[in-house]
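Comments concern the structure below.
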Amino acid sequence: MVILIKLPVTQVYEIIKANKSSWIDGLYPENIPNIFDKSGSKTLVLITSVSEPLSGYKNDTFSELSASIQVQIFFSKTVAINVLDAQLELMNLLDDNGWIIATHYPNVVDPDTEQVTATFSVFKKIKIKRGN
């Protein structure tokens, strides 16, 4: 019997997607397509995996995946929402869904697009059930 769990990146992506935040123009798991407009006119959210080590060892076998996920927000140059409010919206949303806010980095300006960029990471231990 095979037990399937969704990848942590997919879990975070689906939580944010279901929230339907009107200020997000594009939401991407793993990478932003090369064909996307790089003018900085859109607010984009990128979700990537930082690490996914196995943990919870008992009797020489693992029982958990310790998932660490990074969320990057590239704000439109003409963003109408307060960038801190937007970050807090996503952090609270993920916190409400069992993800722990691990790190919040200072906002920086992307040197290529000149967009304000916000980055934070979340963490969650995901139980793994072994099938026979």
Exercise. Would you please name every residue forming a side chain to side chain donor-acceptor pair (under 3.5 Å) with Thr119, sequence neighbours left out?
Key: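 Per chain and number, Thr119 pairs via side chain to side chain donor-acceptor pair (under 3.5 Å) with no residue.
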Looking at [X] and [Y], would you say the former's side chain and the latter's main chain have a donor-acceptor pair under 3.5 Å?
X     : Y      : answer
Asp25 : Thr43  : yes
Asn19 : Ile15  : no
Gln70 : Ser121 : no

Quiz item: Are Val12 and Asn97 close enough that some pair of their side-chain heavy atoms sits under 4.5 Å apart?
Solution: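 No, their side chains stay 4.5 Å or more apart.
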Quiz item: Do Leu44 and Ile32 have side-chain heavy atoms sitting under 4.5 Å apart?
Solution: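 Counting from C-beta outward, Leu44 and Ile32 do come under 4.5 Å.
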Can you get from [X] to [Y] by hopping between Ile, Leu, Val, Met, Phe, Trp and Tyr side chains that sit under 4.5 Å apart?
X      : Y      : value
Leu93  : Phe75  : yes
Ile81  : Val83  : yes
Val109 : Tyr105 : no

State, to 0.1 Å, how close [X] and [Y] come at their nearest heavy-atom pair, and which atoms those are.
X      : Y     : answer
Gln115 : Phe74 : NE2-O, 3.4 Å
Leu46  : Glu30 : CD1-C, 3.7 Å
Asn31  : Tyr28 : O-CB, 3.4 Å
Ser49  : Val9  : N-CG2, 3.5 Å

Practice problem: State, without any angle test, whether Glu89 and Trp23 hold a side-chain donor-acceptor pair at a distance under 3.5 Å. | Solution: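 Looking only at side-chain atoms, Trp23 and Glu89 do form a donor-acceptor pair, the distance falling under 3.5 Å.
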Practice problem: I would like to know whether Leu27 and Ile47 meet side chain to side chain contact (heavy atoms under 4.5 Å, CB included); could you show each step before the answer? | Solution: CA-CA 8 Å; Leu27 175 63; Ile47 304 160; 3.6 Å; yes
Reported [atom1]-to-[atom2] distance for the pair [X] and [Y], which is rounded to 0.5 angstrom:
X      : Y      : atom1 : atom2 : result
Ile69  : Leu94  : CD1   : CG    : 10.0 Å
Asp95  : Ile100 : CG    : CD1   : 8.5 Å
Phe123 : Trp99  : CZ    : CH2   : 9.0 Å

Quiz item: Among all residues two or more places apart in sequence or in another chain, which pass the salt bridge (charged side-chain N to carboxylate O under 4.0 Å, His left out) test with Lys127?
Solution: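 Checked Lys127 against salt bridge (charged side-chain N to carboxylate O under 4.0 Å, His left out); matches are Glu64.
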Quiz item: Taking only residues two or more places apart in sequence, or in another chain, which ones meet Glu14 in a salt bridge (charged side-chain N to carboxylate O under 4.0 Å, His left out)?
Solution: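 Partners of Glu14 by the salt bridge (charged side-chain N to carboxylate O under 4.0 Å, His left out) criterion, ordered by chain and then number, come out as Lys6.
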Exercise. Could you note down all residue pairs passing side-chain hydrogen bond (donor to acceptor under 3.5 Å, both in side chains) where residues 72-82 supplies at least one of them, sequence neighbours left out?
Key: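 Applying side-chain hydrogen bond (donor to acceptor under 3.5 Å, both in side chains) to every pair that reaches into residues 72-82, excluding sequence neighbours, yields Ser76-Thr78.
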Quiz prompt | Residues which pass side chain to side chain contact (heavy atoms under 4.5 Å, CB included) with Val108, listed by chain and number, not counting sequence neighbours | solution =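 Expected list: Thr117.
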Exercise. With sequence neighbours left out, write down each residue that passes side chain to side chain contact (heavy atoms under 4.5 Å, CB included) with Ile101, or none if nothing qualifies.
Key: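 Once residues adjacent in sequence are excluded, the partners of Ile101 under the side chain to side chain contact (heavy atoms under 4.5 Å, CB included) criterion are Met91, Val122.
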